[in-house]
K.L.:
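Starting off with a structure, shown below.
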There are 2 protein chains.
Amino acid sequence: MKTRRDIFQAIADPTRRAIITLIALQAMTPNAIAEHFDSSRQAVSKHLRILSECELISQKQEGREIYYQLEVNKMKEVDQWISQFRQIWENKFNQLDEVLATLKAQKNEQ
Amino acid sequence: MKTRRDIFQAIADPTRRAIITLIALQAMTPNAIAEHFDSSRQAVSKHLRILSECELISQKQEGREIYYQLEVNKMKEVDQWISQFRQIWENKFNQLDEVLATLKAQKNEQ
DNA sequence: TGTAAGAGCAACCATTTGATTTCATACTAT
DNA sequence: ATAGTATGAAATCAAATGGTTGCTCTTACA
């Protein structure tokens, strides 16, 4: 069992992304979460385990209920990976600005 | 074959993420890309196909060679999904600021 | 013109994944 | 104590995934 299980693999599944969004603002129990989906409670429970394993969510017991909440800071790891490309696409805009400036200058010289 | 194949699934694989980073600044041929990995050329080729299918990369033929380049704008879709959480973690800081401001005010009143 | 190189595609295989079913555990309330 | 609720865990299964092998097609070049 290689169990790669990193954040990118965790957010690859659409149901897990929906769960993440769902509990982003407010901790919820597995039952409450499952009610929002077609999946069974057990299926949701497995998703929660995967999200827990890569520390994207944490839990706090409350009697016999368990509230799951998003560890939003963990999401920064994805943001960090994306940021390298953000630099590129912002650069592209800069280059486009240069092109436009050049064209404008040429036009003025005519 | 359900072939879910969205961006999140595409970047879930570490080899594909490496390919994306590799060609981010400079278009490359499959052979050149494969040299950077342990995987075979065919394995890389399959990854390239997946990345192409969700339009994360594009290709331009050059003789018998095909250069693959990153469609960096497509990456914005991931950035967009992340941004909702960015708002949350920035909000957390704001709340902390409020707490600090309150504490400071209370201290001044003493 | 024939041979080699660059690349895609289909078939196949082992592993992983996501879901369901069934069971076990822990807490609550009567 | 006992029944019911909330949840986790193991077994099982179909489908998806990532990789390899072998084949074909096109282009370059001697």
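Order of the sequence lines fixes the chain letters, A, B, ..., with proteins taken first and strands second; residue numbering starts at 1 for each chain.
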K.L.:
List the steps, then state whether side chain to side chain contact (heavy atoms under 4.5 Å, CB included) holds for A:Q69 with A:I57.
P.N.:
CA-CA 5 Å; A:Q69 66 186 357; A:I57 64 177; over 6 Å; no
K.L.:
What is the nucleic acid contact for A:R41, judged by heavy atoms within less than 4.0 Å: base, sugar-phosphate only, or nothing?
P.N.:
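The residue A:R41 makes base contact.
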K.L.:
Look at the side-chain N and O atoms of A:S40 and state whether any lies under 4.0 Å from the OP1 or OP2 oxygen of C:dT20.
P.N.:
yes
K.L.:
Can you work out whether A:G63 or A:S39 has the more 5'-proximal nearest nucleotide on DNA chain C?
P.N.:
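Upstream on the strand: A:S39.
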K.L.:
Looking at B:R64, I'd like to know whether one of its side-chain N or O atoms comes within less than 4.0 Å of OP1 or OP2 on D:dC25.
P.N.:
no
K.L.:
Nearest to the B:R5 side chain among D:dT17, D:dT7, C:dG8, which nucleotide is it?
P.N.:
D:dT17
K.L.:
Roughly how many Å is it from CD in A:E53 to P in C:dG18, rounded to a whole number?
P.N.:
12 Å
K.L.:
Just to confirm, is there a sub-4.0 Å distance from OP1 or OP2 of C:dA26 to any side-chain nitrogen or oxygen of A:Q61?
P.N.:
no
K.L.:
Output the rounded distance in Å from CD1 (A:I66) to P (D:dA9).
P.N.:
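Going from CD1 in A:I66 over to P in D:dA9 covers 9 Å.
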K.L.:
Please report the distance, rounded to the nearest Å, between NZ in A:K46 and C1' in C:dT22.
P.N.:
13 Å
K.L.:
Does D:dG22 have OP1 or OP2 sitting under 4.0 Å from an N or O in the side chain of B:Q42?
P.N.:
no
K.L.:
Could you pick out which residue, B:R49 or A:A43, lies toward the 5' side of DNA chain C when each is mapped onto its nearest nucleotide?
P.N.:
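Nearest-nucleotide comparison on DNA chain C picks B:R49.
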K.L.:
Could you state the atom-to-atom distance from CD of A:E35 to C1' of D:dT7 in whole Å?
P.N.:
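So the two atoms are 14 Å apart, to the nearest Å.
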K.L.:
If you check every side-chain atom of A:Y68, which of D:dG19, C:dG18, D:dT7 has the closest atom?
P.N.:
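Nearest listed nucleotide: D:dT7.
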K.L.:
Round to the nearest Å and state the distance from B:E62 atom CD to C:dA7 atom C1'.
P.N.:
15 Å
K.L.:
Quick test of your reading of the model: are A:D79 and A:K74 salt-bridged, counting only N-O distances below 4.0 Å?
P.N.:
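A salt bridge is absent here (no side-chain N lies under 4.0 Å from a carboxylate O).
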K.L.:
Any idea which of D:dG8, D:dG19, C:dG6 is nearest the B:E65 side chain?
P.N.:
C:dG6
K.L.:
Atom CZ of A:F8 to atom P of C:dT16: distance rounded to whole Å?
P.N.:
21 Å
K.L.:
Taking the basic N atoms (NZ, or NE/NH1/NH2) and the acidic carboxylate oxygens, is any pair closer than 4.0 Å for A:E53 and A:R49?
P.N.:
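A salt bridge is present here (some side-chain N lies under 4.0 Å from a carboxylate O).
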K.L.:
With a 4.0 Å cut-off on N to O distance, would you call A:K46 and A:D13 a salt bridge?
P.N.:
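Judged by the 4.0 Å cut-off on N to carboxylate O distance, A:K46 and A:D13 do not form a salt bridge.
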K.L.:
Any chance the side chains of A:T29 and A:E65 put a donor and an acceptor closer than 3.5 Å?
P.N.:
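A:E65 and A:T29 do not have a side-chain donor-acceptor pair below 3.5 Å.
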K.L.:
So, does A:N31 get its side chain near the phosphate of D:dT5, meaning an N or O under 4.0 Å from OP1 or OP2?
P.N.:
no
K.L.:
Could you give the CD1-to-C1' distance, from B:I57 to C:dA7, as a whole number of Å?
P.N.:
13 Å
K.L.:
Would you kindly give the CD1-to-C1' distance between A:I33 and D:dT7, to the nearest whole Å?
P.N.:
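Going from A:I33 (CD1) to D:dT7 (C1'), I get 12 Å.
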K.L.:
Would you say A:H47 reaches C:dA19's phosphate, i.e. side-chain N/O to OP1/OP2 under 4.0 Å?
P.N.:
yes
